[in-house]
Amino acid sequence: NERWYAGVRLDFLHDAISDLSYRLTLSPLIGYYAIKQPNTTLKFEAGPAGIAERQGGVDDQYVALRLGERFEHKFSPKARVWQAFDYIPQIDRWHNYLIIFELGAEASLTEKLSLRGVLQDNYDNEPAAGRKQNDVKLITALAYKF
């Protein structure tokens with residue numbers, strides 16, 4: 001209906017600095033819009049997640065719970081900010097979890113070209129041997145809209 005929705009999310013991540021060859025996450029979800037206005041949205045999502053990864057040369061597969069939140073505000077058709085947060089604990093080992101945070105801003109330069117700045121923080125409670133738990137990235141990019 002207007003506030004509730006269902007979907008499937010598929011994420012693929014490769015991070016050589018964290019010694020993560022791949023992490024594939026498949027998550028069916030139920031979501032709810034707490035705020036659904038033309039310029040502002042705030043939504044919450046939850047569902048199970050299947051995770052397959054190769055980290056530090058070790059293959060692992062497990063079932064997790066994915067709890068997520070997303071906020072976006074459009075100042076105009078040409079400028080927006082967003083924020084996203086995911087908490088993903090392993091079902092049978094709650095002390096193995098991921099926290100994924102993103103904060104971004106985008107402004108159009110032309111109809112097809114925009115400037116984007118994003119801060120991402122990926123926290124892995126059980127990282128590969130010899131790696132840190134936190135992986136923070138500051139990304140600036142030119143985005144082209146097809």
Side-chain angles (χ1 to χ4, degrees), residues 1-56 60-91 93-128 131-146:
N1 65 27
E2 182 113 354
R3 297 269 182 182
W4 290 95
Y5 62 93
V8 176
R9 181 170 169 166
L10 177 65
D11 293 311
F12 180 82
L13 177 64
H14 167 77
D15 188 345
I17 293 173
S18 296
D19 200 11
L20 181 67
S21 298
Y22 67 87
R23 178 177 295 133
L24 182 66
T25 306
L26 178 63
S27 177
L29 60 93
I30 296 293
Y32 178 76
Y33 281 97
I35 300 171
K36 190 174 183 184
Q37 301 295 325
N39 291 338
T40 305
T41 59
L42 172 62
K43 59 185 179 177
F44 297 94
E45 299 175 345
I51 298 177
E53 65 183 13
R54 174 174 287 169
Q55 186 174 35
D60 195 11
Q61 297 177 357
Y62 57 92
V63 176
L65 174 65
R66 185 178 151 288
L67 302 171
E69 170 268 331
R70 308 260 179 285
F71 172 80
E72 180 175 343
H73 179 72
K74 297 176 184 173
F75 295 100
S76 71
K78 297 184 177 198
R80 70 183 182 113
V81 294
W82 70 90
Q83 173 271 320
F85 178 84
D86 285 313
Y87 172 63
I88 309 171
Q90 183 174 339
I91 293 291
R93 291 179 56 232
W94 290 98
H95 59 276
N96 181 28
Y97 60 89
L98 305 168
I99 296 176
I100 302 164
F101 175 78
E102 180 174 290
L103 178 65
E106 183 175 23
S108 295
L109 301 173
T110 67
E111 269 190 44
K112 299 217 175 247
L113 192 65
S114 62
L115 180 61
R116 183 180 292 179
V118 180
L119 174 68
Q120 291 179 344
D121 185 5
N122 290 336
Y123 180 87
D124 186 344
N125 193 53
E126 294 183 355
R131 305 301 169 131
K132 294 185 178 181
Q133 293 174 316
N134 244 22
D135 186 7
V136 179
K137 301 175 205 101
L138 180 59
I139 303 162
T140 54
L142 289 173
Y144 183 79
K145 300 172 188 170
F146 291 94

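Not measured: the values here are computed from a predicted model.
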Do Leu10 and Thr25 come within less than 4.5 Å of each other through their side chains, counting heavy atoms only? no
Work out which heavy atom in Pro89 is nearest to a heavy atom in Trp94; give both atom names and the distance. CG-CZ3, 3.3 Å
Around Lys137, counting heavy atoms of other residues, nucleotides and ligands shown, do more than 12 lie under 6.0 Å from its NZ? yes
Is any side-chain heavy atom of Ile51 closer than 4.5 Å to one of Ile88? yes
Quick check on Lys43: does its NZ atom have over 12 non-hydrogen neighbours (other residues, nucleotides or ligands) under 6.0 Å away? yes
Main-chain N/O of Ser21 paired to His14 side chain as donor or acceptor, under 3.5 Å: yes
Using side chain to side chain donor-acceptor pair (under 3.5 Å) as the criterion, list what pairs up with Asn96, not counting sequence neighbours. Gln90
Taking all non-hydrogen atoms of both residues into account, name the closest pair between Ile30 and Ala6 and its distance. CD1-CB, 4.0 Å
Excluding sequence neighbours, so at least two apart, what forms side chain to side chain donor-acceptor pair (under 3.5 Å) with Asp19? none
Would you confirm whether Glu69, through its side chain, and Phe44, through its main-chain N or O, come within 3.5 Å as a donor-acceptor pair? no
Looking only at heavy atoms, what is the nearest atom pair of Gly68 and Asp86, with distance? CA-OD1, 3.2 Å
With a 6.0 Å cut-off on the ring centroids, do Tyr87 and Phe85 count as close? no
Test item: Asp60 and Gln55 side chains (from C-beta on) under 4.5 Å apart, heavy atoms: no
How long is the straight-line distance from CG of Leu67 back to CD1 of Ile99, given to the nearest 0.5 Å? 11.0 Å
Atom CD1 of residue position Ile17 - does it have more than 12 heavy atoms of other residues, nucleotides or ligands inside 6.0 Å? no
Does Tyr5 have its ring centroid less than 6.0 Å away from the ring centroid of Tyr33? yes
OH on Tyr22 to CZ on Arg54, rounded to 0.5 Å: 5.0 Å
How far does CD of Glu102 sit from CG of Asp121, to the nearest 0.5 angstrom? 11.0 Å
Working note: Asp11 + Arg66, criterion salt bridge (Lys or Arg N to Asp or Glu O under 4.0 Å); need CA distance, chi angles, decisive distance, verdict. CA-CA 12 Å; Asp11 293 311; Arg66 185 178 151 288; 5.0 Å; no
Test: Arg131 and Asp15 ion pair at under 4.0 Å: no
Taking every heavy atom of Val81 against every heavy atom of Ala105, the minimum-distance pair comes out as CG1-CB, 4.0 Å
Stepwise side-chain contact (heavy atoms from CB on, under 4.5 Å) check, Leu13 with Asn122: CA-CA 11 Å; Leu13 177 64; Asn122 290 336; 4.1 Å; yes
Counting distance only, does the side-chain N/O of Asn125 pair as donor-acceptor with the main-chain N or O of His95 below 3.5 Å? yes
To the nearest 0.5 angstrom, please state how far the NZ atom of Lys74 sits from the OG1 atom of Thr40. 9.5 Å
Crowded around Lys36 NZ? As in, over 12 foreign heavy atoms under 6.0 Å? yes
Check Leu98 against Tyr62 and note the closest heavy-atom contact, atom names and distance. CD1-OH, 4.3 Å
Just say parallel, tilted or perpendicular for the rings of His73 and Phe75, cut-offs at 30° and 60°. perpendicular
Got a donor-acceptor contact below 3.5 angstrom from the Ser27 side chain to the Pro48 backbone? yes
Could you give all pairs that pass the side chain to side chain donor-acceptor pair (under 3.5 Å) test and reach residues 106-118, with sequence neighbours left out? Arg80-Glu106, Glu106-Ser114, Glu106-Arg116
Inter-residue atom distance Phe12.CZ - Leu26.CG, 0.5 Å rounding: 14.0 Å
